[in-house]
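As the structure is a prediction and not an experimental result, all values here were calculated from the model. We name chains A, B, ... by the order of the sequence lines, and we start the count at 1 in each one.
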There are 2 protein chains.
Amino acid sequence: MLRAGVVLADQVGIDGFTMRTLAEKLGVVPMALYKHVANKQELLEGMVDLVWAEVTEPEGGYGWKQAMRDRAVSLRAALFRHRWAVGRMEAAGRPGPENLRQHNALLGCLRENGFSFRATVHVTSLLDAYVYGFALQQETLSFETPEESAEAAAATRDAESAEAAARYPYLLEVVEELAKEGYDYDTEFGVGLDVLLDGIEVLRGSWRDG
Amino acid sequence: MLRAGVVLADQVGIDGFTMRTLAEKLGVVPMALYKHVANKQELLEGMVDLVWAEVTEPEGGYGWKQAMRDRAVSLRAALFRHRWAVGRMEAAGRPGPENLRQHNALLGCLRENGFSFRATVHVTSLLDAYVYGFALQQETLSFETPEESAEAAAATRDAESAEAAARYPYLLEVVEELAKEGYDYDTEFGVGLDVLLDGIEVLRGSWRDG
DNA sequence: ACCTGAACACCGTTCAAGT
DNA sequence: ACCTGAACACCGTTCAAGT
């Protein structure tokens, strides 16, 4: 049933995802759902934990940097498959078992690779913030492909009046450059991620427990 | 009226923010709102642009690094004051004038400080993702103060059964350390931001237009 | 022509009425 | 005892009926 919820939310988005549509999809009466979950909030929490289950645990074998990179890519991919989940992964209510397992593995990988306690907290906060924020940007902006993004840029440029062009010259430049060159989210994500990981590497030694 | 919407959303959160409650607050009949705005979506877009208006434009006088830092801090502060706005700042619908002004100033500051076109895109994508993601984490986790966070950590630790402690040793370690030392969002945000800015500085020269 | 109250098609959830 | 259909208190938005 949680799995059916994830599939439905993927298909129709979070607005179209209602107790009633889920019940209909499952061929039961809406009330029947309340046999399995207390309310919609609890249902969503269960669905989020299913998304966590899709994220690969960091693999220490290739070093912490590659492990962090793989996990970030995996997390972003999961958030892309399930866009409704962005902003619900760290929800306040009791975290699910997959969430706990995932975070424990992440913290463990860093600690075992010589990161101090403070540094471990900094790194997880920094990396997760970047992944969540990037996914959020991609979800709300949501040009799906480079072609689409070029198209959108062109449309925006045409829509800009001459007056607006004079008022926002730098913005216009970016719009026109992106229209020419296109914009690839995967590449952009990787570039930023490498900046983070390199910065973390440099500062790794200087972070000491307070 | 948009301003009243922002205040109401700040007070009651996005779930409690309805056309009907806003109308009541303004002392008018719900229908009257539709004289000023086509629908709720358009109302929210207008409110988001009011939040953009609160973000300080980057000041070039102290160098790009300080300018980027100040803007990131200002953006995060605005997102903290108006938590409902996180995830709506880059919405697909036509961006408002304050949004355009803000992004134009941001891009302009970078371009005028010698960043290549490609580098400018990388930097804005990276910094914005971090700010949005950090604000999102803080919103969903939402311990307000260091004291509260210590409290929450302690409560979580008590709730963990001995079995769970054995299963998630690294997670437990972090929970216990945070309970002792506390956790301050402002400090944590600054640490991550400095990693980003230092990493950007290092790579500034190596990013060339493709 | 204009304003607005009633109404529509929803929503999550409750609860009593049937078996 | 259990299941479920009707109902409740909402929501955003429409629209016809009043002025």
Side-chain angles (χ1 to χ4, degrees), chain A residues 1-51 82-96 99 139-140 142, chain B residues 1-51 82-96 99 139-140 142:
Chain A
M1 156 176 163
L2 290 178
R3 230 163 281 274
V6 170
V7 171
L8 180 62
D10 291 348
Q11 288 171 346
V12 302
I14 194 64
D15 288 336
F17 178 77
T18 68
M19 295 280 116
R20 285 161 143 96
T21 55
L22 178 57
E24 190 177 14
K25 187 193 169 96
L26 290 170
V28 299
V29 72
M31 258 284 303
L33 298 177
Y34 289 87
K35 283 283 120 183
H36 303 87
V37 302
N39 48 40
K40 191 178 187 179
Q41 165 102 8
E42 194 181 292
L43 172 64
L44 283 171
E45 282 172 16
M47 286 164 56
V48 162
D49 214 47
L50 245 40
V51 176
H82 313 290
R83 312 228 246 228
W84 50 269
V86 183
R88 276 167 244 269
M89 300 300 275
E90 305 280 347
R94 301 270 152 269
N99 182 343
E139 188 215 356
T140 55
S142 74
Chain B
M1 155 178 163
L2 291 178
R3 232 164 280 273
V6 170
V7 172
L8 180 62
D10 291 347
Q11 288 170 346
V12 302
I14 195 63
D15 287 337
F17 177 77
T18 70
M19 295 281 116
R20 285 160 142 99
T21 55
L22 178 57
E24 190 178 9
K25 186 192 169 99
L26 290 170
V28 300
V29 72
M31 258 283 304
L33 298 177
Y34 289 87
K35 282 281 119 181
H36 303 88
V37 48
N39 48 40
K40 192 178 187 179
Q41 164 102 10
E42 195 180 293
L43 172 65
L44 282 171
E45 282 172 17
M47 286 163 55
V48 162
D49 214 46
L50 243 43
V51 176
H82 314 291
R83 312 225 248 228
W84 50 268
V86 183
R88 275 168 247 267
M89 300 300 277
E90 306 280 347
R94 300 271 152 269
N99 182 343
E139 188 215 356
T140 55
S142 74

Can you tell me, in whole Å, how much space there is between the P of C:dA7 and that of D:dC8?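 The answer is 16 Å between these two P atoms.
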Round to a whole Å and report the spacing from [atom1] of [X] to [atom2] of [N].
X     : N      : atom1 : atom2 : result
B:E24 : D:dG12 : CD    : C1'   : 16 Å
B:L43 : D:dC11 : CG    : C1'   : 15 Å
A:R20 : D:dT4  : CZ    : P     : 16 Å
B:I14 : D:dC11 : CD1   : P     : 13 Å
A:D15 : C:dG12 : CG    : P     : 11 Å
A:L33 : C:dT14 : CG    : C1'   : 15 Å
A:M31 : D:dA6  : CE    : C1'   : 11 Å

Nearest-neighbour nucleotide for the [X] side chain, [options] considered:
X     : options                : value
B:K35 : D:dT13, C:dT13, C:dC3  : C:dC3
B:M19 : C:dG12, D:dC11, D:dG12 : D:dG12
A:K40 : C:dT13, D:dC15, C:dC3  : C:dT13
A:Y34 : C:dG12, D:dG12, C:dC3  : C:dG12
A:T18 : D:dT13, C:dC11, D:dT4  : C:dC11

What distance do B:F17 atom CZ and B:K40 atom NZ have between them, rounded to the nearest 0.5 Å?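 That separation rounds to 6.5 Å.
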Main-chain N/O of B:E90 paired with B:N99 side-chain donor or acceptor, under 3.5 Å: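 Side chain of B:N99 to backbone of B:E90, a donor-acceptor pair under 3.5 Å: no, none is there.
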Are [X] and [Y] side-chain neighbours, meaning at least one heavy-atom pair lies under 4.5 Å?
X     : Y     : value
A:L33 : A:L26 : yes
B:R88 : B:V51 : no
A:M1  : A:K35 : no
A:I14 : A:L44 : yes

I need the single residue from A:L50, A:V48, A:D10 that forms a side chain to side chain contact (heavy atoms under 4.5 Å, CB included) with A:H82. Which is it?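 Of the listed residues A:L50, A:V48, A:D10, the side chain to side chain contact (heavy atoms under 4.5 Å, CB included) partner of A:H82 is A:D10.
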Intra- and inter-strand pairs of DNA chain D in dot-bracket (Watson-Crick or G-U wobble, both distances under 3.5 Å; | for another strand): ||.|||||...|||||.||
